[in-house]
Amino acid sequence: MQIFPSLLAADFARLADEAARVEGHADWLHFDVMDYAFVPNLTIGTPVLESLLKATTIPIDCHLMIEDPDRWAPSYAELGAGSVTFHAEASRAPLRTARTIRAAGARSGLALNPATPIEPFVDLLPAFDMVLVMTIEPGFGGQQFMDETLPKIRRVREAIGDREIWLQVDGGVTDDTIGRAAEAGADVFVAGSSVYGAPDPAAAVDRLRALALG
Ligand code: DX5
Ligand code: ZN
């Protein structure tokens, strides 16, 4: 059970300090990239990734909520992101993009919006190291966990079988919802507001992990 605090809920003017607040507790840092096109919001990209990689030893998990990830995803891997996840809805060549990410030395991730089924992608799973089931509509932090996505988490877990593929959930993960996601089969939990909105983010990470373990 791994907890990935989402920097979207951190102070973007003090990213190095915000990373340090969860060091030794967070397994990875989740880095949300938005482009005003795939989602109605704009965040950070490769220049900030480059700076952050120099400022922390925690591995960085890039979640690309962008159009044309086939063009842009490899650059995040080449810069040194440990994991690069792109959206199935936005990719025209998911297999090629996954291979390019891996060839650059990063883990490859496939993200599915709440309305996107896993079934058309089951045969592609060997090309991926992680599947991200969005448990909100992407674009903003602080939204409510969508219980409608629980059956899909179960189906993804079933499709993964005994492969070494992580199953990540992102959106609305809190003390109240993490148990349901874990029970459905998730093993990697992105948490934004429930970590950086807490008075002690490191303690929030530890508490979430304990609750995921049940
Ligand atoms: C939203 C991002 C999430 C966001 C989650 O589209 O992908 O990573 O930070 O925020 P919370 O945990 O507050 O729902
Ligand atoms: Zn995210």
Side-chain angles (χ1 to χ4, degrees), residues 1-12 15 18-19 21-22 25-45 48-49 52 58-67 69 72-73 76 81-91 106-116 128 130-150 153 166-182 186-199 201-202 204-205 207-209 211-212:
M1 296 293 178
Q2 302 191 80
I3 310 295
F4 291 19
S6 170
L7 295 171
L8 185 64
D11 181 347
F12 275 159
L15 278 185
E18 297 284 64
R21 287 171 88 193
V22 295
H25 299 264
D27 295 283
W28 290 57
L29 289 170
H30 184 80
F31 185 98
D32 287 300
V33 180
M34 305 186 190
D35 67 349
Y36 266 161
F38 184 71
V39 287
N41 200 357
L42 178 72
T43 55
I44 46 182
V48 176
L49 175 66
L52 186 62
I58 310 175
I60 298 179
D61 165 44
C62 291
H63 174 197
L64 306 185
M65 287 160 277
I66 60 172
E67 296 290 357
W72 303 113
Y76 291 81
S83 175
V84 180
T85 297
F86 61 92
H87 271 262
E89 304 83 9
S91 173
R107 297 172 60 91
S108 62
L110 181 72
L112 306 170
N113 277 342
T116 306
F128 291 93
M130 183 165 82
V131 176
L132 163 53
V133 174
M134 290 304 299
T135 43
I136 52 161
E137 297 290 358
F140 301 93
Q143 302 182 69
Q144 279 247 321
F145 185 92
M146 294 175 161
D147 279 313
E148 294 88 339
T149 62
L150 289 169
I153 299 170
W166 296 350
L167 203 179
Q168 184 180 58
V169 287
D170 181 8
V173 173
T174 64
D175 290 2
D176 292 334
T177 59
I178 194 164
R180 300 208 282 285
D187 56 7
V188 176
F189 305 86
V190 175
S193 20
S194 61
V195 169
Y196 282 107
V205 168
R207 194 171 56 242
L208 284 167
R209 191 182 294 101
L211 288 166

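Just so you know, ligand 1 is whichever comes first in the structure, and atom 1 is the first atom listed for that ligand.
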- Tell me yes or no: between the side chains of Ser6 and Asp170, is some donor less than 3.5 Å from an acceptor? no

N/O contact list for ligand 1, threshold under 3.5 Å:
| unit_1 | atom_1 | unit_2 | atom_2 | d |
| --- | --- | --- | --- | --- |
| ligand 1 | 6 (O) | Gly139 | N | 2.8 |
| ligand 1 | 7 (O) | Asp32 | OD1 | 3.0 |
| ligand 1 | 7 (O) | His63 | ND1 | 3.2 |
| ligand 1 | 7 (O) | Asp170 | OD2 | 2.9 |
| ligand 1 | 8 (O) | His30 | NE2 | 3.3 |
| ligand 1 | 8 (O) | Asp32 | OD1 | 3.2 |
| ligand 1 | 8 (O) | Asp32 | OD2 | 2.9 |
| ligand 1 | 8 (O) | Asp170 | OD1 | 2.7 |
| ligand 1 | 8 (O) | Asp170 | OD2 | 3.0 |
| ligand 1 | 9 (O) | Ser6 | OG | 2.7 |
| ligand 1 | 9 (O) | Asp32 | OD2 | 3.4 |
| ligand 1 | 12 (O) | Gly192 | N | 2.8 |
| ligand 1 | 13 (O) | Gly142 | N | 2.8 |
| ligand 1 | 13 (O) | Ser193 | N | 3.0 |
| ligand 1 | 13 (O) | Ser193 | OG | 2.3 |
| ligand 1 | 14 (O) | Gly172 | N | 2.8 |

- Message: Under the rule for salt bridge (Lys or Arg N to Asp or Glu O under 4.0 Å), what residues qualify as partners of Asp147, not counting sequence neighbours?
- Response: Arg180

- Under 3.5 Å, is there a donor-acceptor pair between the side chain of Arg209 and the main chain of His25? yes

- Query: At their closest point, which heavy atom of Asp35 faces which heavy atom of Val39, and how far apart are they?
  - Reply: OD1-N, 3.9 Å

- Query: Heavy-atom distance under 4.5 Å between the side chains of Tyr76 and Ile60, does that happen here?
  - Reply: no

- Does His63 offer a backbone N or O that forms a donor-acceptor pair with the side chain of Thr85 under 3.5 Å? no

- Establish, from distance only, whether the side-chain atoms of Asp32 and His30 form a donor-acceptor pair under 3.5 Å. yes

- Item | the Zn ion (ligand 2): protein N, O or S atoms that are less than 2.8 Å away, sorted by chain | His30 NE2, Asp32 OD1, His63 ND1, Asp170 OD2

- Indicate the ring-plane relationship of Phe4 and Trp28, choosing parallel, tilted or perpendicular according to the 30° and 60° boundaries. parallel

- Message: Applying side-chain contact (heavy atoms from CB on, under 4.5 Å), can you list everything that pairs with Ala115, at least two apart in sequence or on another chain?
- Response: none

